[in-house]
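Each chain gets a letter, A, B and so on, in the order its sequence line appears, and its residues count up from 1.
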Amino acid sequence: MKVRTRFAPSPTGNVHIGNMRAAIYNWLFARHHGGEFLLRVEDTDRERSTQEAIQTLLDAMAWLKLDVDGEPLYQSTRMEIHLEAAELLLSKGLAYKEDKGGLGQGECIIFKMPGTDASFEDGIKGSLSTAAENMQDFVIVRSNGTPVFHLANVLDDIEQGITHVIRGDDHIENTYRHMALYQALGADVPNFAHLPMIINAQGKPYSKRDGDAFVGDFREKGFLGDALFNYLALLGWSPGDDREVMTRDEMVEAFDLARCQSSPAQVDLRKLTWMNGEYMLKLPTEEFIATCFCEIEKGGIEAAPDYAKAVFGLVRERVKTVVDIVPMVAYLFTEEFEYEAKAVRKKLQKDGVREILEQVKSIFQALEIFDEASTDQAIHDFIETSGLGFGAVMAPLRIAISGIQSGPDLFPMLEVLGRERVTGRIDRTLAQFLA
RNA sequence: GACCCCUUCGUCUAGUGGCCUAGGACUCCAGGUUUUCAUCCUGGCAACACGGGUUCGAACCCCGUAGGGGUCGCCA
């Protein structure tokens with residue numbers, strides 16, 4: 001039988017990474033088995049399920065390249081069918097009506113649990129079981145006439161022909177109920193696999209107040225969709241060898257529920273950042289350039305396209321996340337950049353520095369051509385003849401033209417800036433700190 | 001509280017009775033290469049929750065303890 005999995009989120013405007021990881025595992029599992037990955041939007045909460053929220057969800061999936069087979073099923077369109085099924089259960093004596101009081105809304109429909117012990121083979125956790133007395137009858141249709149999650153969820157999974165339900169382990173107890181529902185409805189019980197939760201840096205489950213656990217937040221923090229996908233895939237699963245940075249195809253090929261962890265995992269932003277850097281490096285140059293333009297525009301920087309491209313080339317291999325870009329290149333687009341106080345104190349305001357910078361400036365002015373090779377040669381000649389150390393010249397020069405101690409390779413950076421800017425910046429430095 | 005689940009370096013993990021003086025990755029530290037910055041290379045720190053069994057032998061099997069988590073809704 002063809003494998004069919006699904007992702008069934010409620011569109012509330014934010015998708016938690018725990019849910020998104022479940023989506024990734026469902027996707028990986030389906031693709032591994034040559035099956036289908038379906039989407040079902042559980043939008044029965046009319047309050048929160050706005051068109052915007054649905055779009056946010058779709059955007060997040062597109063960002064992570066989770067392609068869906070077939071059209072999404074909107075749960076809100078199926079209420080009649082859910083209700084009919086409840087009536088059927090009622091007529092078969094598998095459910096009953098009762099006024100449970102409390103809210104005083106009249107009678108609701110309650111599903112009758114079979115009263116037997118239950119067990120199943122979980123795809124990740126192995127054999128799971130519970131005794132009959134732990135499972136009470138439960139409401140499937142509210143007294144206001146709307147179907148409850150359990151009923152709708154099971155009916156829709158049947159409708160979509162889901163063969164493998166891969167979800168968070170907070171659903172384990174529900175699984176016993178759902179299995180009984182499948183049986184009462186005369187449907188085949190699918191395979192279940194329960195993923196452990198993702199926990200925060202304190203080792204606790206993410207709460208609504210942990211602002212950094214939504215998919216959109218990771219995008220805003222400058223992570224790439226492919227990198228987050230890879231990272232999340234490895235958070236709770238491993239291919240069994242030492243591979244970590246893997247292509248989609250490799251992950252699809254290697255994915256196996258049996259290799260999934262059954263204990264919770266913590267997100268480590270440092271490792272995600274490292275992995276993101278690996279993906280930044282792999283980005284095709286045009287894509288990297290396009291991303292950079294997009295970022296500086298957001299950062300309010302205006303620049304001539306050719307000059308900007310040259311600047312981006314300078315930081316190509318150093319960018320770890322998308323949001324690194326602007327701070328890393330900002331001083332190359334303005335003459336109003338700041339000087340780092342510590343750098344000035346340690347490397348600039350020292351005896352002899354003034355003379356060195358003055359000499360470097362005049363050497364640069366005398367150059368026939370001002371480019372990477374010529375400045376490199378000129379500085380080396382200067383060091384040779386003056387007897388100065390390389391660092392004694394390079395460090396002050398770097399700070400004079402950039403304001404900071406670290407940054408791109410210096411000679412290419414000189415070429416990109418051009419003679420005029422470079423000498424101008426040296427003058428400014430001299431006037432400001434070494435007058 | 002009851003029931004269920006979980007427990008290897010700080011973090012993600014490998015490990016399914018001998019290959020384990022427990023391997024890899026991230027982070028951190030120390031050297032080295034690069035006469036700038038970064039990269040890179042080498043090395044280092046660092047873990048089987050605890051206690052009992054079973055066994056010639058246990059991170060791996062069993063029991064218990066502790067700790068953590070989940071569920072117990074006319075939420076999903």
Original post:
Roughly, in whole Å, what's the span from CG in A/N144 to P in B/rG73?
Top reply: 18 Å

Subject >> A/H178 and A/F149 aromatic centres sub-6.0 Å >> reply: yes

Shorter than 3.5 Å, N or O on both sides, protein versus nucleotides 4-11 of chain B: list them out with atom names.
| from | atom 1 | to | atom 2 | distance (Å) |
| --- | --- | --- | --- | --- |
| B/rC5 | O2' | A/K125 | NZ | 3.1 |
| B/rG10 | N2 | A/R270 | NH2 | 3.3 |

Subject >> Assigned partner base of B/rU21, Watson-Crick or wobble definition, under 3.5 Å >> reply: none

**OP:** Please report, rounded to the nearest Å, how far the P atom of B/rC26 is from the CD atom of A/E244.
**Re:** 7 Å

**OP:** Give the B/S/- string for nucleotides 36-49 of chain B, one per nucleotide from 5' to 3', where a protein heavy atom under 4.0 Å of the base yields B, of only the sugar-phosphate yields S, and otherwise -.
**Re:** BBS-----------

**OP:** Check every atom of B/rC26, B/rC74, B/rA14 against the side chain of A/R259 and return the nucleotide holding the closest atom.
**Re:** B/rA14

**OP:** May I ask you to decide if the ring planes of A/F138 and A/H150 are parallel, tilted or perpendicular, using 30° and 60° as cut-offs?
**Re:** perpendicular

**OP:** Would you classify A/G236 as touching base, sugar-phosphate or nothing, given that sugar-phosphate means primed atoms plus P, OP1 and OP2, and contacts are heavy atoms under 4.0 Å?
**Re:** sugar-phosphate

Original post:
For the residue pair A/F120 and A/Y176, is the inter-centroid distance of their aromatic rings smaller than 6.0 Å?
Top reply: yes

Original post:
Distance between the C1' atoms of B/rA76 and B/rG70, in whole angstroms?
Top reply: 15 Å

Subject >> Enclosure of A/E355 CD (heavy-atom neighbours >12, cutoff 6.0 Å) >> reply: yes

Subject >> Value in whole Å for how far the P atom of B/rG24 lies from CE of A/M275 >> reply: 17 Å

Subject >> Whole-Å C1' distance, B/rA25 and B/rC9 >> reply: 12 Å

**OP:** Specify the separation, in whole Å, of atom CZ of A/R21 and atom C1' of B/rC12.
**Re:** 11 Å

**OP:** Pick the P atom in B/rU35 and in B/rC28, then give their distance to the nearest Å.
**Re:** 25 Å

**OP:** In whole angstrom, give the distance that lies between atom CG of A/D156 and atom C1' of B/rA76.
**Re:** 13 Å

Original post:
C1' atom, B/rC60 versus B/rC3: distance in rounded Å?
Top reply: 28 Å

Original post:
Between A/F229 and A/W27, does the ring centroid distance fall short of 6.0 Å?
Top reply: yes

Original post:
Considering only B/rC74, B/rG68, B/rA76, which nucleotide approaches the side chain of A/H150 most closely?
Top reply: B/rA76

Original post:
Taking the C1' atom of each, how far is B/rU27 from B/rG10, in whole Å?
Top reply: 8 Å

**OP:** Report which part of the nucleic acid A/N174 touches: base, sugar-phosphate, or nothing (heavy-atom distance under 4.0 Å, all strands).
**Re:** base

Original post:
When we call it a touch if two heavy atoms are under 4.0 Å apart, what does A/H380 touch: a base, just sugar-phosphate, or nothing?
Top reply: base

**OP:** Quick one: look up who B/rC45 pairs with, Watson-Crick or G-U, both distances under 3.5 Å, and put none if it's unpaired.
**Re:** none

Original post:
Quick one: does NZ or CZ of A/R40 land under 6.0 Å from the six-membered ring centre of A/Y74, within 45 degrees of the ring axis?
Top reply: no

Original post:
Taking any strand in view, what nucleotide pairs with B/rG1 in a Watson-Crick or G-U wobble way, both distances under 3.5 Å?
Top reply: B/rC72

**OP:** To the nearest 0.5 angstrom, please state how far the CG atom of A/L90 sits from the CZ atom of A/F111.
**Re:** 12.0 Å

Subject >> Flag side-chain contact, heavy atom, 4.5 Å: A/C260 against A/F255 >> reply: yes

**OP:** Please state how far atom CG in A/L234 lies from atom P in B/rG24, giving the value in whole angstrom units.
**Re:** 17 Å

**OP:** Provide the distance between the two C1' atoms, one in B/rC41 and one in B/rU33, to the nearest whole Å.
**Re:** 7 Å

Original post:
B/rA58 and B/rC19: how far apart are their P atoms, nearest whole angstrom?
Top reply: 11 Å

Subject >> Inter-residue atom distance A/I401.CD1 - A/R421.CZ, 0.5 Å rounding >> reply: 11.5 Å

**OP:** Take atom C1' in B/rG24 and the same atom in B/rU36, then report the distance between them in whole Å.
**Re:** 34 Å

Original post:
Tell me: CG of A/N276 to P of B/rC26, nearest whole Å?
Top reply: 15 Å

Subject >> Watson-Crick or G-U wobble mate for B/rC40, both contacts under 3.5 Å >> reply: B/rG32

Subject >> Nearest-nucleotide 5' precedence on RNA chain B, A/A8 against A/R177 >> reply: A/R177

Original post:
Are A/Y339 and A/F433 near enough that their ring centres are under 6.0 Å apart?
Top reply: yes

Subject >> Parallel, tilted or perpendicular, as decided by the 30° and 60° cut-offs, for the rings of A/F390 and A/H380 >> reply: tilted

Original post:
Taking atom P of B/rA25 as reference, at what distance in whole Å does atom CG of A/L272 sit?
Top reply: 18 Å

**OP:** State the pairing partner of B/rG67; accept Watson-Crick or G-U wobble contacts with both distances under 3.5 Å, and report none otherwise.
**Re:** B/rC6

